[in-house]
Amino acid sequence: MAATKIIDAPRNGHEMAPLNTRARGDGTHGVTIVLTAPQRNSVQSVDIPGNEPERAAWSGKMQFFLSIIGYSVGLGNIWRFPYLCQQNGGGAFLIPFMVMLILEGIPLFLIELGMGQRMRLGALGVWNTIHPWLGGIGISSCIVTLFVALYYNVIITWVFFYLFNSFRYPLPWSSCPLNGTGFELEECAKSSETTYFWYRTTLDAAPSMDEPGGLKWWIVLCLMLSWTIVFFIVMKGIQSSGKVVYFTSLFPYIVLTIFFIRGITLRGAGAGLMHMYTPKVEKLLEPTVWLDAATQVFYSFGLAFGSLIAFGSYNTPKNNCVRDVLLVSVCNAVTAIYASVVIFAILGFKATVNVDRCVASNTDILVKNKLLGLNDTQGYEQAMSLLNGTELTRLQLSECSLAHELDNAAEGTGLAFIVFTQAIVELPGAPFWAVLFFTMLLSLGLGSQIGILEGMLCTLFDIDIIKRVKKQHVTGVVCLFCFIVGFIFCTGAGEYWLKMFDSFAGTIGLVVVALMEMIAVIFIYGHERFTEDIFQMTGYRPGRYWQWTWRYIGPVIMVCILVSSVVFMVIRNPTYGAWNADLGMIEQKSYPNWVMGIALSMILAGVLPMPIVFLMRSFQCLKVDLDIHQGSIRRNETTASTKEMIDNDDDQDDEDDENDFSGPALGGHVKTQSDFSDDEEEDKPMTMRMMMMRPTTTTKTSNVLNVPTSRKNNYKKDAYDV
């Protein structure tokens, strides 16, 4: 009889039991069996009396809802969607936007949120559970999320700089600085006050990426401040970040409402809104309009980052995730439209003020040249109509057109830091409005950054080695690493680097990850099984709309986005806007070859983990753990002395397991070779999946410790050969 020893192992089950060093008389060794308490979180039984919950959970429904709203409603709703509306048919753009929201955004949103809630794991754990060969999806998602987190926090850094300067009166971007002779600086005079403050005072922009200049200490300090704040928010996970979302999610709506009330009362607000929402139906015939709508929906929801999976994993298994998806989707779309109304009401006021200034300047020129009477304000239009193009150029008269002013809309940093700041200067009490505006941008940025980091950290903590380290320490290391790498954004070429990261690091990689997620869940995990999961969790069984969008329409849209992104990247020579101080304007330059090499490396880093993990695990270059997330089953070797005891215990409730739909991450049944009859095994061809799930034979009698299948078994068994 072999000498065995039963040990009560710690709850996490990671520690090896002491080895039994006494050899048996026949030259073989005994075994040590480690018994660990079950770690089951099935849908049918969530809270087991006497057991602590393994995973952090939201303190309430409102905390979850505000967290996911704060994550999905970000800066893109403020400075990207209004620009797309204005460029792609005005109000007509809402048609392709809503179509893509229904056919692409909502279905993929439910896949990520539903899988996270069902598995109660991060991105890496979810895809490993579906199939070990798919583990690369979680790794790719984590890498792309890291790239986005690097540059997204730089935007928060710039917002901090503007926020601090907003407490000055008058605002520093309201006028051009003077040189030693009392005249305006030439660079500012050739551009504008807000443009000069952005490119020279804030960024101290370099002429190109080949000449970045040194670090700008004021940007470094603001970057350190932003990463420090982010660290303290996310260092304890949702226990700490969940309290901040009440501010980061609600405050932007308060500010938008204040700006809305003020904006619609301003002169020219109606003209701005009419210019934006006047539908140009002919634009709908252009494919690029539909592509822009699909891309905007994809990025506005924050899909494929792993954050939605992480947020869903903190929910209770009985949470109605379908209702959450619909509510967040409607809220996201309404917020984008609401923000567009506010932005263009303010921009309409700015355009009206600029037109009035232009008319006043032209009037002075006409009066000086005796082409208009001194007090003849009614004859301005007639006098301008009598002049031809040559005379207009000779007299240096400008075109004063409201439509032209509104057509010169901007997106991204140009809208936030140049165009909108100029509009704020024109408002009475400008510093107050500036503080409100940049505090709103800060809230939106922090809300999205919290979600991005939470998704990445949740993925990291699916790795067995990292989960043993305190979350504060891991979060601190990640934030410190990102801060150091972020120095490249603190040079004179910082904005150029951010544009490059935004164009390459977070585009193709995210689309590929999203496409693989849909394929993995619908075609590998199975759409019928996922439908059953949704039904068990919510009591609602997804119908034809969900099935068609999951299986056909959604993947086709993702393929179109991916192909068009690659084609445009190849056909169009990638360029960036470099600041020319001599001309006081932006000029387009091609990326240097070494920068394009870095961009290509980032794209490959975000895509290659998926095929690499697939190939390494399919050829068994990587060990496949059946319970990767709990780190328990390491080796399945035993001797004849323990086989009979274990097999008897494992055969007690096979019938119950047939009706168990829970996955291994939920403590459900893990299929093994013993689940199939001998006749079935003879009829079925041997696949790579079946070969990996075959038990390891260590003796001539095939003594095997099978994966436990009993649901009533109170212990999980790990056997280690001594």
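FYI, the numbering just counts along the sequence from 1.
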> Under 30°, 30 to 60°, or over 60°: which ring-plane class applies to F487 and F483, parallel, tilted or perpendicular?
Replying inline: perpendicular

> Can you say whether the rings of W173 and Y162 are parallel (under 30°), tilted (30 to 60°) or perpendicular (over 60°)?
Replying inline: tilted

Minimum heavy-atom separation for [X] to [Y], with atom names?
X    : Y    : result
P609 : I139 : CB-CG2, 3.8 Å
W227 : A149 : CZ2-O, 3.7 Å
S241 : I450 : CB-CG2, 3.7 Å

> Does any pair with a residue in residues 175-207 pass disulfide (SG to SG under 2.5 Å), and if so which ones, sequence neighbours excluded?
Replying inline: C176-C188

Does the [X] side chain pair with the main chain of [Y], one donor and one acceptor, at a distance under 3.5 Å?
X    : Y    : result
W218 : T202 : yes
Q63  : S59  : yes
S313 : A310 : yes
S307 : G451 : yes

>> side-chain contact (heavy atoms from CB on, under 4.5 Å) for N153 and C482? Distances and angles first, verdict last.
In response: CA-CA 9 Å; N153 217 36; C482 293; over 6 Å; no

Distance, nearest 0.5 Å, that separates [atom1] of [X] from [atom2] of [Y]:
X    : Y    : atom1 : atom2 : result
T491 : I219 : OG1   : CD1   : 10.5 Å
F93  : I337 : CZ    : CD1   : 10.5 Å
I418 : T195 : CD1   : OG1   : 4.5 Å
L250 : L66  : CG    : CG    : 5.0 Å

> So, is the end of the K589 side chain (NZ or CZ) under 6.0 Å from the ring centre of Y576 and within 45° of the ring's axis?
Replying inline: no

> Is R200 close enough and on-axis enough to Y196, meaning under 6.0 Å and within 45°, for cation-pi?
Replying inline: no

>> Under the ring pair (Phe, Tyr, Trp, His ring centres under 6.0 Å) test against Y338, which residue among F260, F259, F81 passes?
In response: F260

> For F437, which of F251, F417, F420 qualifies under ring pair (Phe, Tyr, Trp, His ring centres under 6.0 Å)?
Replying inline: F420

Any Lys/Arg nitrogen of [X] or [Y] sitting under 4.0 Å from an Asp/Glu carboxylate oxygen of the other?
X    : Y    : result
K190 : E184 : no
K499 : E495 : no
E454 : K471 : yes

>> Between I69 and T335, is there a side-chain heavy-atom distance shorter than 4.5 Å?
In response: no

>> Walk me through whether E187 and W579 qualify under side chain to side chain donor-acceptor pair (under 3.5 Å).
In response: CA-CA 11 Å; E187 183 180 358; W579 177 248; 2.6 Å; yes

